[in-house]
Amino acid sequence: MNNKSEHILLSHGSGGKLMHDLVTKSIVSILDNPILTRMDDSAQLTFNGRIAFTTDSYVVKPYFFTGGDIGKLSVCGTVNDLATAGAVPKYLSLSFILEEGFRLDELNVILKSVRQTADEAGVQVVTGDTKVVEKGSTDGIFINTSGLGIIPHGVNVSGSNAKIGDYILLSGTIGDHGIAIMSQREGLRFESPVISDCAPINQLISEAINVSNNIHCLRDPTRGGLATTLNEIAQQSKVGIRIIEQAIPIEQAVQSACEMLGLDPLYVANEGKMVAVVAAPDAEIILNQFHKNKYGTKAKIIGQVVAEHPGRVVMKTPLGTSRILDMPVGELLPRIC
């Protein structure tokens, strides 16, 4: 391969031989499955029952980070959105916007990460698209994914289903992804490295649903962090939420980084965590089930749904005082997903 063809060229998006080679020799060969390799303009799929459908775009900077890359992130983000709707993720689309000059070897690394994460999540990439734009039009690579999943019979989870008396469970530590991206982007070094929590949590959620039919809400606290997610649930369900600050798990490295940077970890993004609002009698059952999964070993009960202050989230501090957690104004950490 000559030096020129080791990078993405505008002609890779022209529809000709170079584009055909890129699609067949890189994308399809790495993501190979019977539906994708038919190379039709549309994937032909069969479903029974209710379907969940979601879409998202990924513009994270940098696109390689400690704990993952834009490829892993794109699969996790879409799989987790399906799973928190109570669905079993099945199929993904994968579309690239590539900048002229992007390295082909880096694209292949990203594709292999997509394949590895999709395999872990039990989903298939069955269709997609590739566009190439002029140098300077993007930061190398943007990805769009859409996902389809099947909602099992009897499963009904929604941000509007929280009920007074429900317990609030958090599947693990918060702020890991946002701080990992921020530290790498700005060249910051900490005594203990911060690793993104980017992970597919659909199996964790499926296991919880299997042990309880009293899970009312599921959400992944991505942009805006835990505080924003809880506010969304409180407003959708028209209930109050009270959480205990000391119960919220935070890695010491993340806490220290936030203190140094003037950030509140409650508002920092996560990409492999889940908030579950569950009926009180099943809270311990679900928590114990979380602990059996590698992505839920640090899960905690962090609060409860209350009748007071509907639409608001209040946090009890170690001093015994209460603090209102509002939604943030603006983006604390841009380009984290």
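As a basis for the values below, the full set of heavy atoms in this structure was taken, side chains included, without hydrogen atoms, waters or symmetry mates. Since the structure is predicted, the reported quantities are computational estimates derived from the model, not experimental observations.
- What you find for Cys217 and Ile233 is that their closest heavy atoms are SG-CG2, 4.3 Å.
- For the ring pair (Phe, Tyr, Trp, His ring centres under 6.0 Å) test, no residue two or more places apart in sequence or in another chain qualifies with Phe96.
- Proximity of Ile336 to Arg185: side-chain heavy atoms (C-beta onward) are separated by under 4.5 Å at one or more points.
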Using distance only, find each side-chain donor-acceptor pair of residues 43-56 under 3.5 Å and give its atom names and separation, not counting sequence neighbours.
from: Arg50; atom 1: NH2; to: Val155; atom 2: O; distance (Å): 2.4
from: Thr55; atom 1: OG1; to: Thr145; atom 2: O; distance (Å): 3.2
from: Thr55; atom 1: OG1; to: Ser146; atom 2: OG; distance (Å): 2.8

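- Of the N and O atoms on the side chains of Ser95 and Asn144, not one donor lies less than 3.5 Å from an acceptor on the other residue.
- Considering every non-hydrogen atom in both Phe65 and Leu73, the closest pair reads CZ-CB, 4.4 Å.
- For the atom pair CD1 (Ile215) and CG (Asp282), the distance works out to 8.0 Å, reported to the nearest 0.5 Å.
- Val194 and Val60 fall within a single hydrophobic cluster, where Ile, Leu, Val, Met, Phe, Trp and Tyr side chains are chained together by heavy-atom contacts under 4.5 Å.
- Residues Met39 and Thr24 meet the side-chain proximity criterion, which asks for heavy atoms closer than 4.5 Å.
- Ala247 approaches Ile302 most closely through the heavy-atom pair O-CG2, 3.7 Å.
- Within the structure, salt bridge (Lys or Arg N to Asp or Glu O under 4.0 Å) pairs that include any residue of residues 234-251 comprise Glu251-Lys298 (at least two apart or interchain).
- Interatomic distance, CG of Leu22 versus CG of Leu9, reported as 10.0 Å (0.5 Å rounding).
- Sorted by first then second residue, the salt bridge (Lys or Arg N to Asp or Glu O under 4.0 Å) pairs that include residues 311-328, not counting sequence neighbours, are Asp264-Arg323, Arg312-Asp326.
- Under the ring-ring contact (aromatic ring centres under 6.0 Å, His included) criterion, no residue pair touches residues 193-233, with sequence neighbours excluded.
- When all heavy atoms of Asn270 and Gly175 are compared, the pair lying nearest together is OD1-N, 2.6 Å.
- Listed by first and then second residue, the salt bridge (Lys or Arg N to Asp or Glu O under 4.0 Å) pairs involving residues 110-124 are Arg115-Asp119, Glu120-Lys294 (not counting sequence neighbours).
- Residues Leu204 and Met274 meet the side-chain proximity criterion, which asks for heavy atoms closer than 4.5 Å.
- Ser11 is linked by a side chain to side chain donor-acceptor pair (under 3.5 Å) to nothing, counting only residues two or more places apart in sequence or in another chain.
- Counting only N and O atoms by type, the side chains of Asp176 and Thr173 include a donor and acceptor under 3.5 Å apart.
- Counting only residues at least two apart or in different chains, ring-ring contact (aromatic ring centres under 6.0 Å, His included) contacts with residues 310-337 are absent.
- Annotation: the span from Leu287 atom CG to Leu169 atom CG amounts to 5.5 Å, rounded to 0.5 Å.
- Interatomic distance, Leu94 CG to Ser74 OG, rounded to the nearest 0.5 Å: 6.0 Å.
- Scanning all heavy atoms of the two residues, the minimum distance from Ala83 to Pro89 falls at N-CG, 4.4 Å.
- Considering only heavy atoms from C-beta on, Ser137 comes within 4.5 Å of Glu134 through its side chain.
- Partners of Asn293 by side chain to side chain donor-acceptor pair (under 3.5 Å), not counting sequence neighbours, listed by chain and number: Glu207.
- Counted by atom type alone, Gln184 and Thr66 present one or more donor-acceptor pairs between their side chains at under 3.5 Å.
- Looking at Ser237, its side chain never comes within 3.5 Å of a backbone N or O of Val239 through a donor-acceptor pair.
- Checking side-chain atoms of Thr37 against main-chain N and O of Asn33 turns up a donor-acceptor pair under 3.5 Å.
- With sequence neighbours left out, Tyr63 forms a side chain to side chain donor-acceptor pair (under 3.5 Å) with Glu106.
- For the atom pair CE (Met315) and CG (Leu226), the distance works out to 9.5 Å, reported to the nearest 0.5 Å.
- Of the listed residues (Leu18, Val132, Val133), just one forms a side-chain contact (heavy atoms from CB on, under 4.5 Å) with Leu10, and that residue is Val132.
- Shortest non-hydrogen contact noted between Pro328 and Thr228 is CD-OG1, 3.0 Å.
- Linking Ile, Leu, Val, Met, Phe, Trp and Tyr whenever their side-chain heavy atoms come within less than 4.5 Å puts Val313 and Leu170 in one cluster.
- Here CG of Asp139 is found 10.5 Å from CZ of Phe102. Values are rounded to the nearest 0.5 Å.
- Judged as a ring-ring contact (aromatic ring centres under 6.0 Å, His included), not a single pair has a partner in residues 122-173 (not counting sequence neighbours).
- The salt bridge (Lys or Arg N to Asp or Glu O under 4.0 Å) analysis of residues 216-225, with sequence neighbours excluded, yields the pairs Arg219-Glu232.
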